[in-house]
Amino acid sequence: SGIITMDEGYMNTGACKSAVTFIDGELGILRYRGYDIEDLAQRSSFLEVAYLLIYGELPSQGQFGEFRNRVTRHTMIHEDLKRLYDGFPKDSHPMAILSSMILTLSGYYNDQLDPLNPRHREISITRLLAKTPTIAAYSYKKSIGQPFVYPRNSLSYIGNFLNMMFSVPAEDYAVDPVIEKALDLLLILHADHEQNCSASTVRLVGSSRANLFAAIASGVCALWGPLHGGANQEVIEMLQHIHNDGGDVNKYLNMAKDKNSTFRLMGFGHRVYKNFDPRAKIIKKTADEVLQKLGVNDPLLEIAMKLEEAALNDEYFVERKLYPNVDFYSGIIYKAMGIPTEMFTVMFALGRMPGWIAQWKEMIEDPTTKIGRPRQIYTGAAHRTYVPLDQRG
Ligand code: CMC
C-alpha cells in the first residue's frame with residue numbers, strides 16, 4: 001500500500017538511469033553515447049554505431065575488426081529453423097515471423113541463455129545482431145515464394161542483407177552502393193531512442209531475468225503497433241490513399257484535426273520531440289537525394305512534402321507542436337529501394353536491434369536493477385460475498 005502516483009502513459013516517470021542515449025525534445029537534439037546523430041549519420045557506419053551503443057565507446061580498429069568478424073560468422077540460422085517458415089501462411093505479417101523466429105532462437109541455444117553470465121550475454125548479443133537480417137530476409141523470400149538466399153560473409157552487414165533480400169539463384173545480382181549507403185544511414189538513425197515503448201518492453205521483460213531472445217522478441221511485438229514502429233508502414237499507405245483519392249492533402253489534414261474521427265496524420269507528432277525530430281530532417285534530405293540518384297520519380301514524395309507544408313502552417317499542428325517524425329519520410333526511401341511496404345517495420349527492427357541490446361545490457365549489468373512492477377489505482381467493486389450459481393436465478 002502507501003500512496004500511488006498516477007502517470008498514465010508514463011508521461012513523466014523515469015523508469016531507469018541510462019547512459020546510452022540523450023534526447024532534448026525541446027531543442028530537437030539526439031545523441032548516442034554523447035555523439036550527435038548528425039555526426040554519426042554522416043561519418044559512421046551502422047555496425048560501428050551498434051558497437052558504440054552496446055559497449056559505450058567507439059571501437060579501435062582492432063576492436064571493430066573483431067566485432068565485425070564475430071557478427072559475420074554467426075549470420076546463418078540452423079537448417080531446422082528454416083522449416084519453421086513452412087508453418088506460416090504466405091501472407092503472415094513479417095513482424096509476426098520476426099518475433100516468433102527470434103524467440104525460437106532461444107530453443108537452439110538452451111545452455112547459453114543465462115542473462116547473469118557474461119559469456120552467455122556476449123554470444124546471445126552476437127547471434128541476435130548476426131541472425132536478425134537473415135531471419136528478416138527469409139520472411140520476405142517466403143512471402144514471394146522464392147528460395148532462401150544464404151548469407152555471404154564477403155559482403156558488408158548491409159550488403160549481405162540486401163543480397164539475401166534481392167538476389168535469386170538464376171541471375172547475377174550486385175548490391176547498388178547508393179542503396180547500401182542509404183540503408184546504412186537509415187539504420188543508424190533508428191538504432192536507439194532511449195526509453196520508448198519497445199525499449200521499455202525489452203527492459204521490463206528482461207528485468208524478470210527472462211533470456212535476451214525472449215526480451216527482444218517482446219520488443220519486436222511492441223514495435224509492431226501503428227503508434228510506434230508500425231507507423232512507417234501506415235505513412236506510406238496513407239500517402240498512397242491520398243494519391244489515389246486525387247491528392248487533396250487538406251482533406252486529410254482536416255480529418256486528422258477532427259476529434260470525431262480516429263484518423264491521425266501518421267508520421268506526425270512525438271511524445272518527446274516538441275520541435276523537429278532531428279532524424280526526420282536527415283531523412284527528408286536523404287529521400288530527395290536517393291530518389292534522384294536512383295532515378296525514381298515517386299508522386300508520394302510530392303504528396304508528403306505538400307502534407308508537411310500544410311501541417312506546419314496549420315494552427316492545430318502548430319499549437320500542439322506536431323512535427324514530422326522519423327517515420328514520415330523513411331517509407332518513401334524504403335519504397336525506392338524496392339523494399340515492400342509490409343517489411344518497413346522489420347527494417348525499423350533491424351535498425352533498433354543494437355539499441356534494444358544496449359538498453360538490456362545496461363539494465364542486466366546493473367546489480368541494483370529490480371524487477372519492473374508498476375502499481376495501480378484500483379477502481380473495481382468494493383468487497384462482496386460470493387453467491388452460489390444455483391441461488392443467482
Ligand atoms: N495527428 C493528429 N493529431 C495528433 C497527432 C497526429 N499524428 N498526434 C498527436 N495529435 C494530437 C492529439 O489528438 C492530442 O490532441 P488534443 O490535445 O486535442 O487531445 C495532442 O495532439 C497530443 O497528442 P497525444 O496523443 O496526447 O500525444 P502522445 O505523446 O500520447 O502521442 C504519438 C505521441 C506519436 C503516439 C502521436 O503523436 C501519434 O499518434 N502520432 C501518429 C503515429 C506516429 O507517427 N507514430 C510514430 C512515432 S515516432 C517513431 C516511433 O516511436 O516509433
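Note that ligands are numbered from 1 as they come in the structure, with each ligand's atoms numbered from 1 the same way. Heavy-atom basis, side chains included; hydrogens, waters and symmetry copies ignored. In this text, all values refer to a predicted model and were calculated from it rather than measured experimentally.
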Other cluster members, F276 - Ile/Leu/Val/Met/Phe/Trp/Tyr, side-chain contacts below 4.5 Å: L312, Y323
Remaining members of hydrophobic cluster (4.5 Å side-chain criterion), L103: none
Please tabulate protein-ligand N/O pairs under 3.5 Å for ligand 1, atom names and distances to 0.1 Å.
unit_1	atom_1	unit_2	atom_2	d
ligand 1	1 (N)	L265	N	3.1
ligand 1	3 (N)	Y316	OH	2.8
ligand 1	7 (N)	L265	O	2.7
ligand 1	7 (N)	F268	O	3.0
ligand 1	13 (O)	K259	NZ	2.8
ligand 1	13 (O)	R264	NH2	3.4
ligand 1	15 (O)	K259	NZ	3.0
ligand 1	15 (O)	R320	NE	3.2
ligand 1	18 (O)	K259	NZ	3.0
ligand 1	18 (O)	R320	NE	3.1
ligand 1	18 (O)	R320	NH2	2.9
ligand 1	25 (O)	R264	NH1	3.1
ligand 1	25 (O)	R264	NH2	3.0
ligand 1	29 (O)	R271	NE	2.7
ligand 1	30 (O)	R271	NH2	3.0
ligand 1	39 (O)	R264	NH1	2.7
ligand 1	40 (N)	F268	O	2.9
ligand 1	44 (O)	G267	N	2.8
ligand 1	44 (O)	N325	ND2	2.9
ligand 1	45 (N)	L227	O	3.0
ligand 1	51 (O)	H228	ND1	3.1
ligand 1	52 (O)	H228	O	3.2
ligand 1	52 (O)	H228	ND1	2.7
ligand 1	52 (O)	G229	N	3.3

Counterpart residues, salt bridge (Lys or Arg N to Asp or Glu O under 4.0 Å), relative to K251 (two or more places apart): D245
Distance-only polar pair, side chains of Q359 and Q195, donor-acceptor under 3.5 Å: yes
cation_pi(R320, Y316) dist<6.0 Å, angle<=45: yes
E79 with K82: basic N within carboxylate O range, under 4.0 Å: yes
